[in-house]
Amino acid sequence: THNLHEGLSDDCDGESTEIEGVHNAGHTQSFAELSAPAGGSRHFRCTLPGHCAAGAHFRVSCPARRHYYGLWALLVLLPIGLCHVVTRST
């Protein structure tokens, strides 16, 4: 049984906003809207007693976009800022 809240940091006791209510074990769900902006992070956790402290939290991060200039001013490579998820689960 877990829920899903978003907080401002990895702090298990900080303020948070509910994303999804409580679901029983075995429930699966996909969220397309939990991405982070380039150069930013978002922090999510379960707020049921003891769950976050036991590892029921994760962070979504995206690196900042960077511009690389080659030998010629006309050559500009723009790497895509790929997002990654750092997970901890119980």
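Only this structure's heavy atoms are used, side chains among them; waters, hydrogens and symmetry mates stay out.
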Contacts of T47 meeting side chain to side chain contact (heavy atoms under 4.5 Å, CB included) (sequence neighbours excluded), chain-then-number -> N3, H5, S16, R45
With Q29, which residues qualify under side chain to side chain contact (heavy atoms under 4.5 Å, CB included), at least two apart? E20, H23, H27, F31
Hey, could you give me each pair passing disulfide bond (SG atoms under 2.5 Å apart) that has a residue in residues 15-48? Not counting sequence neighbours.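 Qualifying pairs: none.
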Neighbour count >12 (heavy atoms, 6.0 Å) for atom CD1, I19: yes
Is the shortest side-chain heavy-atom distance between L4 and F58 below 4.5 Å? yes
Specify the closest pair of heavy atoms between A36 and C62, including all atoms of both residues, with the distance to one decimal. O-SG, 3.2 Å
Kindly determine whether H57 and H43 satisfy ring pair (Phe, Tyr, Trp, His ring centres under 6.0 Å), including the steps that lead there. CA-CA 8 Å; H57 57 95; H43 306 272; 9.4 Å; no
May I ask you to decide if S35's main-chain N or O and R42's side chain share a donor-acceptor pair within less than 3.5 Å? yes
